[in-house]
Protein chains: 2
Amino acid sequence: MCSETIRREGLRERKRRETLLRVAETGLNLFAERGYDATTLEAIAEASGISPRTFFYYFKTKDEILQFWQGTGIADAVAPTLLAQPWDKSPLQAVRDTFIVLVTRYLNEKSLAVDRIYNSSATLRVRKQGFYLQIEQTVFTTLCQRWPQPERRAQLRMTAMVAIGAFRLAMEARRNDTQTRPIAEYLQESFAVLEHQL
Amino acid sequence: MCSETIRREGLRERKRRETLLRVAETGLNLFAERGYDATTLEAIAEASGISPRTFFYYFKTKDEILQFWQGTGIADAVAPTLLAQPWDKSPLQAVRDTFIVLVTRYLNEKSLAVDRIYNSSATLRVRKQGFYLQIEQTVFTTLCQRWPQPERRAQLRMTAMVAIGAFRLAMEARRNDTQTRPIAEYLQESFAVLEHQL
DNA sequence: GTGTATATCGCAGTAACTGCGATATTTCAA
DNA sequence: TTGAAATATCGCAGTTACTGCGATATACAC
């Protein structure tokens, strides 16, 4: 029966996607509740209804759960969004406007939770830099695509670095702020300070 | 006999200093030879003539050996050197000149080895950011001491960030360069690119 | 010389991961 | 429909970094 079984995705893929999401969500919740270090793999596995061994089938490491929430979206969207910017903008302007688009589109309550977890310990704070490093790299290579003149390379490298720096400082400002304003505002301010530095 | 025994330091402290240095050196050598991950604590301990347990009496973690070589010196010298800069310099100039002094004074062949090890794996590259984060923090608070006006804080935070960024890019440039020039030159160039960004 | 602080070490334990190999489930095609 | 191939789940044993506890030895200070 049911000859036209819904087969646009396949049982396998659906289950996989569901399990992945369930584990990621369970993990994030447990981190938020008990703290990152105090949450064992075993606990995450059990709460997700899988065996500890199977956890590693979905995530290579424990902190890939955090990367899952932090990185998904933004990291992949940087290059296309940056390339889609109007051509009359300066490199720095283009990156700034890209970031403004991306944070509005991808940062949500979950990102706030992740941010709080990342800032709960020194080792995690350091690991978060891996994310920034990755974005910096992507921004740089994308900028080089748009402005391929070799003599601009060093300058573009610097642009990528200061832009990610401004991004970091914006997140920092948001974290330290007592009120809660839209993330894009912090970004605007951060880049304004950067441009004022000149 | 020998009533005026040399007692300016004490046997204890001397031994401790010697052992610490021996372990740190052995570790660095093994890392360079076999790679960081392939070097077990047990191997370092054995090659240093101590028990694995005693290793943790000297270093809390394995990568504290890298921190020992990278951080010692520079991290502690940043604040005093920055405060000793002439008062007519701009914040950014002051930080730049501080870095030039420090790299000339503290970076040696060992730092090169450490740099190579740090860049041998993605996880280590990320961990190195902990060092930059620390320096950035120190630079920021020191700048705030010298220019304590609250309305400058945001600007000084940005200065600290771009300065450390320029530092990072200078190290990167040196690593990617085929020839070997004095580190201070890369720094000068990096800050020149930064100032040109304005 | 005696007490106190420091150094060394073994042992048992934990937690994150890896490799191997067994079994079950889904898929694809003959 | 059946049977082979790919994928998913899992247990078990092992490795490595690191911790806590407690024992013993060494240096120091008086």
Side-chain angles (χ1 to χ4, degrees), chain A residues 1-24 26-27 30-31 34-68 117 121-124 126-127, chain B residues 2-24 26-27 30-31 34-68 117 121-124 126-127 130:
Chain A
M1 32 42 230
C2 199
S3 63
E4 73 250 12
T5 35
I6 306 103
R7 187 57 64 77
R8 55 169 18 79
E9 181 183 43
L11 217 177
R12 241 214 227 350
E13 279 136 280
R14 208 196 69 224
K15 269 191 173 176
R16 180 176 175 79
R17 211 169 30 78
E18 280 173 359
T19 310
L20 183 71
L21 197 67
R22 182 156 35 87
V23 175
T26 312
L30 289 179
F31 291 162
R34 320 181 184 172
Y36 181 80
D37 286 336
T39 306
T40 65
L41 240 52
E42 220 178 328
I44 301 174
E46 194 182 354
S48 320
I50 58 172
S51 80
R53 191 63 189 82
T54 303
F55 173 89
F56 292 106
Y57 184 74
Y58 288 96
F59 296 96
K60 274 204 265 279
T61 64
K62 186 171 147 186
D63 81 27
E64 236 180 44
I65 293 182
L66 291 177
Q67 291 174 37
F68 174 89
I117 295 165
S121 94
T123 47
L124 283 184
V126 169
R127 253 179 259 189
Chain B
C2 197
S3 64
E4 73 248 14
T5 37
I6 307 104
R7 187 56 65 74
R8 56 169 19 77
E9 180 185 42
L11 215 175
R12 246 227 247 310
E13 279 137 277
R14 209 196 68 224
K15 269 191 173 177
R16 179 177 176 78
R17 211 169 28 81
E18 281 173 359
T19 310
L20 183 70
L21 197 66
R22 184 157 33 87
V23 175
T26 312
L30 289 179
F31 291 161
R34 319 180 184 175
Y36 180 80
D37 287 336
T39 306
T40 65
L41 273 168
E42 220 179 329
I44 301 174
E46 194 183 352
S48 319
I50 59 172
S51 79
R53 191 64 189 82
T54 303
F55 173 89
F56 291 106
Y57 184 74
Y58 288 96
F59 297 95
K60 273 203 265 276
T61 64
K62 187 171 146 185
D63 82 26
E64 236 179 45
I65 292 182
L66 292 177
Q67 290 173 38
F68 175 89
I117 295 166
S121 95
T123 46
L124 282 184
V126 169
R127 251 179 261 188

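A, B, ... follow the sequence lines: proteins, then strands. Residue 1 opens every chain.
If you take CD1 of I44(B) and C1' of dA17(D), they are 11 Å apart, rounded to a whole angstrom. Atom C1' of nucleotide dT8(C) and atom CD1 of I50(B) are separated by 9 Å, given to the nearest angstrom. Rounded to a whole Å, the NZ atom of K62(B) is 21 Å from the P atom of dA15(C). Remark: C1' of dT7(D) and CD of E18(A) are 16 Å apart, rounded to the nearest angstrom. R17(A) places its CZ atom 16 Å from the C1' atom of dA8(D), with the value rounded to the nearest Å. The interatomic distance linking Y36(A) (OH) with dA15(C) (C1') rounds to 11 Å, in whole Å. Atom P of nucleotide dG19(C) and atom NZ of K60(A) are separated by 12 Å, given to the nearest angstrom. L20(A) places its CG atom 15 Å from the C1' atom of dT7(D), with the value rounded to the nearest Å.
When heavy atoms are screened at a 4.0 angstrom cut-off, F55(A) is found touching no nucleic acid atom at all. Nucleic acid contact class of T54(B) (heavy atoms, under 4.0 Å, all strands): base.
The neighbour count for E64(A) CD, taken as heavy atoms of other residues, nucleotides or ligands under 6.0 Å away, is above 12.
The listed nucleotides are dA16(C), dC9(C), dA17(D); the one nearest the side chain of T40(B) is dA17(D). In the set dT19(D), dT26(C), dG11(D), dG11(D) carries the atom at the smallest distance from any side-chain atom of R53(A). For Y57(B), the listed nucleotide lying nearest its side chain is dA7(C); candidates were dA7(C), dA8(D), dA17(D). Comparing dA17(D), dG11(D), dA8(D) by their closest approach to the side chain of S51(A) singles out dG11(D). For F56(B), whose side chain is taken as the heavy atoms from C-beta onward, the closest listed nucleotide among dC18(D), dA27(D), dA8(D) is dC18(D). Side-chain atoms of Y58(A) lie closest to dT9(D) of the nucleotides dT9(D), dA6(D), dC10(D). Residue L41(A) places its side chain closer to dA16(C) than to any other of dC18(D), dA16(C), dA8(D).
A donor-acceptor pair under 3.5 Å links the side-chain atoms of Y36(B) to the main chain of D63(B), judged by distance alone. Between the side chain of T54(A) and the main chain of Y57(A), no donor-acceptor pair closer than 3.5 Å is present.
Between K15(A) and the phosphate of dT26(C), there is a side-chain N or O to OP1/OP2 separation shorter than 4.0 Å. When the side-chain nitrogen and oxygen atoms of R12(B) are compared with OP1 and OP2 of dA5(C), none of them lie within a distance under 4.0 Å.
Across I117(B) and L66(B), no two heavy atoms sit closer than the pair CG2-CD2, 4.0 Å.
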Mind running salt bridge (Lys or Arg N to Asp or Glu O under 4.0 Å) on R17(B) and E13(B) for me, showing each step along the way? CA-CA 6 Å; R17(B) 211 169 28 81; E13(B) 279 137 277; over 6 Å; no
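Both T19(B) and T61(A) lie near DNA chain C, and the one whose nearest nucleotide falls closer to the 5' end is T19(B).
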